[in-house]
Amino acid sequence: IAIGWQDDPTSVVAGAGAGDASILRADRGALTEEQFQVLWQRVIRRLHVLKLAPVDWFYKYDADKDGFWSKAEFCAALGSMPLGMSVLEIEYVFHWTDRSRRMLVSLDDLAAAFEQGKKAAPLEQWAR
């Protein structure tokens, strides 16, 4: 499965309605569910290579130790991984992951994202 991430935000906005800048505040932007699943599959694999448990990764980047990732903490955590994503793409992923829409990602939100990532494994194996 190949993912064609969009690095140019103007191309994302071009798909929006006339004068509609809401895509920039975009909750989920141009990210598809399949891309979201594949991304989290890649994160799962990277954590496995690093021999780092997801919960340890979460607490490592929870800078203020409040039990949640802010957008900045989330961007730092995903930005530390060699995923080839722009800041805008990471923000889209943040909004997909923040199920409660509080601008915070909890450990439960992260666990749900990992569950989504597990759905991508059979697709990827089928594509080989």
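Everything numeric here is computed off the predicted structure, so don't read it as measured data.
Tracing side-chain contacts under 4.5 Å through hydrophobic residues (I, L, V, M, F, W, Y), one reaches Leu50 starting from Ile44; they form part of the same cluster. In the hydrophobic cluster analysis, where Ile, Leu, Val, Met, Phe, Trp and Tyr join through side-chain heavy atoms closer than 4.5 angstrom, Leu104 is grouped apart from Tyr59. Met103 and Val93 fall within a single hydrophobic cluster, where Ile, Leu, Val, Met, Phe, Trp and Tyr are joined by side-chain heavy atoms under 4.5 Å apart, directly or via other members.
Remark: the backbone N or O of Lys60 is not paired with any side-chain donor or acceptor of Asp56 at under 3.5 angstrom.
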Using side-chain contact (heavy atoms from CB on, under 4.5 Å), reason through Glu73 and Asp64 one step at a time and then give a plain yes or no.
CA-CA 9 Å; Glu73 292 167 334; Asp64 56 9; 3.1 Å; yes
Could you give me the CA-CA distance, side-chain angles and deciding distance for Phe68 and Asp62, then say whether side-chain contact (heavy atoms from CB on, under 4.5 Å) is met?
CA-CA 7 Å; Phe68 296 94; Asp62 183 16; 5.6 Å; no
When you look at Asp109 and Phe58, which way does the side-chain contact (heavy atoms from CB on, under 4.5 Å) test go after all the steps?
CA-CA 11 Å; Asp109 292 335; Phe58 180 83; over 6 Å; no
Begin from the C-alpha positions of Tyr92 and Ser86 and carry the test side-chain contact (heavy atoms from CB on, under 4.5 Å) through to its verdict.
CA-CA 10 Å; Tyr92 288 156; Ser86 72; over 6 Å; no
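The structure places NZ of Lys119 at 10.0 Å from CZ of Phe36, a figure rounded to the nearest 0.5 Å. The structure places NE2 of His95 at 6.0 Å from CD of Glu91, a figure rounded to the nearest 0.5 Å. Between the CH2 atom of Trp96 and the CH2 atom of Trp40 there is a distance of 13.0 Å, given to the nearest 0.5 Å. Leu39 CG to Gln116 CD: the interatomic distance, rounded to the nearest 0.5 Å, is 11.5 Å. The line from CZ of Arg99 to CG of Leu110 is 10.0 Å long, rounded to the nearest 0.5 Å. Here CD of Gln37 is found 7.0 Å from CD of Glu34. Values are rounded to the nearest 0.5 Å.
By the neighbour-count criterion of 12 heavy atoms within 6.0 Å, atom NZ of Lys51 is sparsely surrounded, having that number or fewer from other residues, nucleotides or ligands.
Scanning both residues, Gly84 and Glu89, for their nearest heavy atoms gives O-OE1, 4.1 Å. Among all heavy-atom pairs drawn from Tyr61 and Ala76, the shortest one is CE2-O, 3.8 Å. Residues Leu78 and Leu83 come closest through the heavy atom pair CD2-CD1, 3.9 Å. Nearest heavy-atom pair across Pro54 and Leu47 is CA-CD1, 4.1 Å. The heavy-atom pair separating Gly117 from Gln41 by the smallest distance is O-OE1, 2.7 Å.
Side-chain contact between Leu107 and Trp69 is absent, with no heavy-atom pair separated by less than 4.5 Å. Contact of the Trp57 side chain with the Val43 side chain is registered, since non-hydrogen atoms from C-beta on lie closer than 4.5 Å.
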